[in-house]
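Read through the structure below, which is laid out as structure tokens, and then see the notes.
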Amino acid sequence: MTPERQVQVDLEAIRHNVRRIAQIVSPAQVMAVVKADGYGHGMIPVAQAALQAGANWLGVARVSQALTLREAGIEAPLLAWLHTPATDFAAAVEQDVDLGVSGWELDHIVAAAREQQRPARVHLKIDTGLGRNGSPAARWDSLVGEALEYQDEGLLRVVGLFSHLAVADEPQREETDAQLQRFREAVALAEDAGVDVEVRHLANTPAIFSRPDTHFDLVRAGVGIYGLSPFAGQTSEELGLRPAMTLKALVAHCKEVPAGQGVSYGLKYYTKEPSTLALVPLGYGDGVPRSGTGAPVRIAGGVYPVVGTIAMDQLVVDLGGRLPEGESVLGAEAVLFGAADDGDPSVDLWAAAAGTINYEIVTRVASSVERVYLNEQPTEDVQ
Ligand SMILES: *Cc1c(COP(=O)(O)O)cnc(C)c1O
């Protein structure tokens, strides 16, 4: 039986996107970013597909996510960059999880390395302008100095230097130049102090496509490996990417209604003419944005708008007229979004309707919706 509701994830699309990015950034390496359960696609299957397609590294926000990847048997280099004093640094060191370090973490990590009698692997992070994690420029010198001392004691190895960009999705903005300049200075300072790293990394997906001068030794590719465009004015297809996620459900009810039929809570929509309404069993409880009214849904070959307020478990689509006598779309597939080249609505249209970005639409699809994987085995050769 077809599942009533499902997220279909095409792992061949993920592999295609990783290969595409690897080709663009070569000879730089690719870190596939699989935080937030692989942007909602499923962390482990995405990580495995990305590695099959030539990604060399995996990146996550939290150590707990990295440990889940290790438990799944994944041995690739793995970086986690968002910690709190409650983070299990000892487990990270034990499991060879590389740790991003902005400052305060260093002492915790060194304590974990002493406990594990094993050197930690760290990537020092400089804040070049994003204002989130990363050492302030004024503290960089001393952070590098402390890390080198611990390295000399055999307690850690400085494997990488990195930073994160704030506006690379708006390529005309000049702040990226300033961030790049500050990163170069921070790298030069560390290298002059005697740091000898494996990887310097700065680029996210938008910088992969728009700023070759940010690629360094490694790029951190998130949204692009899922086949989505980080740019407001460019589609996946224009970037040579294939969206991997399709969200769909079977129509739960189909009925003819007269003109003037009110629809859903608040009665914010009334049919203008006699019409047919299709009820789709997905709502904000499943991560479909409540603000997505007006977004497209594909049913039985046609594309129709969501009308009225999106509810917790369900939403209504107006098919815009009467179906031929005796016909119904009950049980038909209703596709909210998928790969546009198959005729499915794009994630970008849902993001526009909901006033958000494509990242949020895919990431928020709840785990209550079953993930079904297509092409689990590679169909093309890994280069
Ligand atoms: C999420 C994240 C990325 C990936 O960003 P995309 O725009 O999705 O490619 C890269 N680096 C860091 C530090 C991140 O938090």
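These numbers were taken from a predicted model, which means no experiment stands behind them. Whatever order the structure lists ligands and atoms in, that order sets their numbers, starting from 1.
Aromatic ring pairs are classed by plane angle as parallel below 30°, tilted from 30° to 60° and perpendicular above 60°; the pair Phe209 and Phe231 is perpendicular. Ring geometry for Tyr226 versus Tyr39: interplanar angle under 30°, hence parallel rather than tilted (30 to 60°).
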Working for side-chain contact (heavy atoms from CB on, under 4.5 Å), residues Lys255 and Thr276: CA-CA 5 Å; Lys255 69 179 171 199; Thr276 306; over 6 Å; no

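Using a 4.5 Å heavy-atom threshold, the side chains of Asn17 and Arg242 count as touching.
Close contacts of ligand 1 with Gly222, meaning ligand atoms under 4.0 Å from a residue heavy atom, involve 4 (C), 6 (P), 8 (O), 9 (O). Heavy-atom contacts of Pro206 reach the following atoms of ligand 1: 7 (O) (cutoff under 4.0 Å). Atoms of ligand 1 found under 4.0 Å from any heavy atom of Val223, numbered from 1 in the order shown, are 6 (P), 8 (O), 9 (O).
Here Ala61 has no heavy atoms under 4.0 Å from ligand 1, in either its backbone or its side chain. Only the side chain of His164 comes within 4.0 Å of ligand 1, counting heavy atoms alone; its backbone N, CA, C and O stay farther away.
Protein heavy atom nearest atom 11 (N) of ligand 1, with residue, atom name and distance: Arg220 NE, 2.8 Å. At the shortest separation from atom 9 (O) of ligand 1 among protein heavy atoms lies Thr205 OG1, 2.5 Å. Nearest protein neighbour of atom 7 (O) of ligand 1, counting heavy atoms only, is Tyr359 OH, 2.7 Å.
The residues Arg173 and Glu170 are annotated as salt-bridged, a charged nitrogen and a carboxylate oxygen being separated by less than 4.0 angstrom.
Of the options Met31, Arg132, Lys35, the smallest heavy-atom separation from atom 1 (C) of ligand 1 is shown by Lys35.
Polar contact with ligand 1: absent for Val33 (N/O pair, distance under 3.5 Å).
At a 4.0 Å cut-off, not a single heavy atom of Gly59 sits close enough to ligand 1 to count as contact. At least one heavy atom of Tyr39 sits less than 4.0 Å from an atom of ligand 1.
The minimum heavy-atom distance between Leu218 and His201, with the atom names listed, is O-CB, 3.2 Å. Summarising the geometry of Gly224 relative to Leu241, their closest heavy-atom pair is O-CD2, 3.7 Å, with the distance given to 0.1 Å.
For Gln6 and Arg371, the side-chain atoms include no donor-acceptor pair closer than 3.5 Å.
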